[in-house]
Number of protein chains: 2
Amino acid sequence: MTVPRAETEYVDRRSLHERIAADLRDDIMSGELAPGASLPSTARLKERFDASNATVQKALQLLKEEDLVVGRAGASVTVREHRRRTVAPAALSTADRWLTEAAKHGTHARSVLRDVAEVRPPADVRSALNLPVDGTALLRSQILLIDDEPAELVDCYYPLAIAEGTALMERRRIKGGTPALLAELGHSARRSVDRISAEIPTQEQYRSLRLTSSTPVLRTLRVVHGAGDSPVEVTVMVKAGHLYELRYEF
Amino acid sequence: MTVPRAETEYVDRRSLHERIAADLRDDIMSGELAPGASLPSTARLKERFDASNATVQKALQLLKEEDLVVGRAGASVTVREHRRRTVAPAALSTADRWLTEAAKHGTHARSVLRDVAEVRPPADVRSALNLPVDGTALLRSQILLIDDEPAELVDCYYPLAIAEGTALMERRRIKGGTPALLAELGHSARRSVDRISAEIPTQEQYRSLRLTSSTPVLRTLRVVHGAGDSPVEVTVMVKAGHLYELRYEF
DNA sequence: GCTACCTTTCACAAAAACCAGTAAGGTCGC
DNA sequence: GCGACCTTACTGGTTTTTGTGAAAGGTAGC
């Protein structure tokens, strides 16, 4: 019968090995533990976190599954090469720019068109498109693969008034990219607004992005405005948190 | 003795009630379930997720702890008012701008100076400041409170060459804000670069921000460049993921 | 080859997650 | 006020996870 005090006693409810992993992960991601460096030994970590051998091991197991560290029996657990993919909004704007960008870094990237359909978009997209509650839009759903690993989910929504009768409605890749096509149609982008948030992945996202443990996702809701500031395209991009970093300059 | 197939069988390893909470949370955050709306009944959720009564309740319990929903016995579990705080980079630049911004929205915000000290900054900050591995910088660590709830951790790092002998080194609030002071010192901001990532909170962050369940955090590493493009200030901002949304326009 | 240090693995107690079912009691439309 | 539907709470029982401690076995320097 423990009596929790209101303010003073605030505890982390995650399991011990998750907490240990969280702190070590931060040391790695912040660069405190650089790639190639060794983590403190199990004995040392036992001390630092006041945990048992196996619990520390389980924490390390999590980091291994995230491909952050490798352990060799007898030697030490070392930090792997893990540079996060930095992506600036300009590079984001089309999947194609993306692909060429990736090629420069020696990685193989490709996008797969998952679905093209007229759907009732989620409420936040709907309001960005100025649609009524029962309004529909054209959805082009893609998934980006880097070295054949799923890396990002991209859902592009277009107003039907714009998409109707164009190549956008066809279930195949747009040659030259959608921005070029939209520009041809007289809807070139004048202004873009990104809204970024960190989310806990849904089951769908978890499976599609092949996430491990409790990785968060980075969600970007992009509204592209055309002439007269009317919305031309709304894109929802969901990336695995540990793979990406967004870069904005101003 | 189950034989896991390599590619096809990829499963979500989170506990069932966490997965249920994740999907419901997405319905709420995307606006699918608007504030005031009722969630499906326990019986319906049991069906939808193929779970038992108690498991569904546990999922709902998580959402209640996040203040996303309220349940009244007999009636239904309804979505609470939860508008996320949207914050644009301009409004971010000083804690003071922040405070006046908050006042406009009828909320009470204040910042507490936690610490002022010369420290060896984390590696990513260090490299942004062009410091050697053993270099130090001045840290001004603050925490932002909104309605007396911790909302954001702000760590500002300044090169010693700039901070030395100025009010920055004193353990008290800067009148007029640090940007104004820096400008006076001849280090006005010419260019800023933000790098945004989603992270799993460390134990420190978890406790300081009073996080619940497995909420991620939104981390912004801002590098402010002055004349000659030399770094004048590096700020690390860590916000609770469910409270914030970043907005960038270009 | 020896030794110190390290990771890894195994056996086992305690805790929790989960299920099925039941029951108490609140809310709302009729 | 009645009944349908709802949230909440509790029981008992199985399975999985979390945690501990000790032992097995690899690595590297001497």
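Below, each value reflects all heavy atoms present in this structure, side chains not excepted, and no hydrogens, waters or symmetry copies. Treat the numbers as computed from the prediction; the structure is a model and nothing was measured. We name chains A, B, ... by the order of the sequence lines, and we start the count at 1 in each one.
Between B:Tyr157 and B:Val119 there is a side-chain heavy-atom pair separated by less than 4.5 Å. Residues A:Leu221 and A:Arg195 have side chains in contact (heavy-atom distance under 4.5 Å, counting atoms from C-beta outward). When side chains are defined from C-beta on, A:His82 counts as touching A:Met29, because their heavy atoms get closer than 4.5 Å. When side chains are defined from C-beta on, B:Arg120 does not count as touching B:Leu131, because their heavy atoms never get closer than 4.5 Å. For the pair B:Leu45/B:Ile20, no side-chain contact is recorded, criterion being any heavy-atom separation below 4.5 Å from C-beta on. Using a 4.5 Å cut-off on side-chain heavy atoms (C-beta onward), A:Leu24 and A:Arg48 make contact.
The outermost nucleotides of DNA chain D lying under 4.0 Å from heavy atoms of chain A, listed 5' to 3', are D:dT18 to D:dA28.
The separation between B:Phe49 atom CZ and C:dC18 atom P is 13 Å, rounded to whole Å. Rounded to an integer number of Å, the gap from A:Arg13 CZ to C:dA17 C1' is 15 Å. Rounded to a whole Å, the NZ atom of A:Lys58 is 15 Å from the P atom of C:dA11. The distance from atom NZ of B:Lys46 to atom P of C:dC19 is 10 Å, rounded to the nearest whole Å.
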Determine, stepwise, if the pair A:Ser141 / A:Asp155 fulfils side chain to side chain donor-acceptor pair (under 3.5 Å).
CA-CA 4 Å; A:Ser141 177; A:Asp155 283 1; 2.9 Å; yes
Working note: B:Ser197 + B:Glu199, criterion side chain to side chain donor-acceptor pair (under 3.5 Å); need CA distance, chi angles, decisive distance, verdict.
CA-CA 6 Å; B:Ser197 58; B:Glu199 311 271 0; 2.9 Å; yes
Contact list (N/O, under 3.5 angstrom) for nucleotides 5-7 of chain C vs protein:
from	atom 1	to	atom 2	distance (Å)
C:dC6	O3'	A:Ala75	O	3.4
C:dT7	OP2	A:Thr42	N	2.6
C:dT7	OP2	A:Thr42	OG1	2.5
C:dT7	O4'	A:Gly74	N	3.4

